[in-house]
Amino acid sequence: MKLILCLLFVSLKVFAAEVTAEKIVQGYDVIWSMAQLNDNQIIFTTRKGKFYLLDLATNKVQAVSANVKILAQGQGGLLSIVPHPDFAT
């Protein structure tokens, strides 16, 4: 067991990379899920069921109309969003 943990630690150390974070948007309800649509657009959702489209070139956010009823209570709410495999980018 010690050998496996040691190898895991060494593997993580070798593949570790520096990660930076940059705040792009703020002021939205709890952002719950994000999916990259193409090189310049990300769609994101909030826990309460709102959809937004973020343009990465301009950092502008546009609300997307969606007829979805969500019950956000306790740990429940709108879960992950994933583009359809045939989504045209």
Side-chain angles (χ1 to χ4, degrees):
M1 182 67 163
K2 289 181 183 180
L3 178 61
I4 293 172
L5 291 175
C6 181
L7 289 175
L8 178 62
F9 177 73
V10 170
S11 297
L12 291 175
K13 191 85 167 156
V14 169
F15 293 108
E18 186 175 325
V19 176
T20 59
E22 178 182 347
K23 186 184 289 189
I24 298 173
V25 297
Q26 63 184 14
Y28 295 89
D29 187 32
V30 178
I31 295 177
W32 207 251
S33 181
M34 295 185 292
Q36 189 162 357
L37 299 178
N38 56 42
D39 289 342
N40 293 316
Q41 292 180 315
I42 291 177
I43 190 166
F44 68 93
T45 63
T46 64
R47 183 172 173 260
K48 292 181 180 177
K50 304 281 185 186
F51 289 73
Y52 298 94
L53 189 62
L54 169 64
D55 185 317
L56 295 172
T58 63
N59 289 347
K60 298 215 185 242
V61 176
Q62 176 182 349
V64 175
S65 125
N67 189 13
V68 179
K69 292 182 181 180
I70 302 296
L71 174 63
Q73 186 175 20
Q75 291 295 316
L78 181 64
L79 299 176
S80 294
I81 185 168
V82 177
H84 189 278
D86 293 333
F87 178 78
T89 53

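When reading the values below, keep in mind they use all heavy atoms of this one structure, side chains included, and skip hydrogens, waters and symmetry mates.
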Could you check if a side-chain atom of L53 sits within less than 4.5 angstrom of a side-chain atom of V64, using non-hydrogen atoms only? yes
Any idea how F44 and Y52 line up, ring-wise: parallel (<30°), tilted (30 to 60°), or perpendicular (>60°)? parallel
S65: partners by side chain to side chain contact (heavy atoms under 4.5 Å, CB included), with sequence neighbours left out: none
Which residues pass the side chain to side chain contact (heavy atoms under 4.5 Å, CB included) test with I81, sequence neighbours left out? S33, A35, I43, T45, F51
Could you give all pairs that pass the ring-ring contact (aromatic ring centres under 6.0 Å, His included) test and reach residues 66-86, with sequence neighbours left out? none
Gap between atom NZ of K48 and atom CG of D29 - 0.5 Å precision: 4.5 Å
Heavy-atom pair of closest approach, residues Q36 and I42: CA-CG1, 4.2 Å
Working to the nearest 0.5 Å, report the span between OG1 of T58 and CD of Q62. 10.0 Å
Please list, chain by chain and in numerical order, all residues satisfying side chain to side chain donor-acceptor pair (under 3.5 Å) with Q41, sequence neighbours excluded. N38
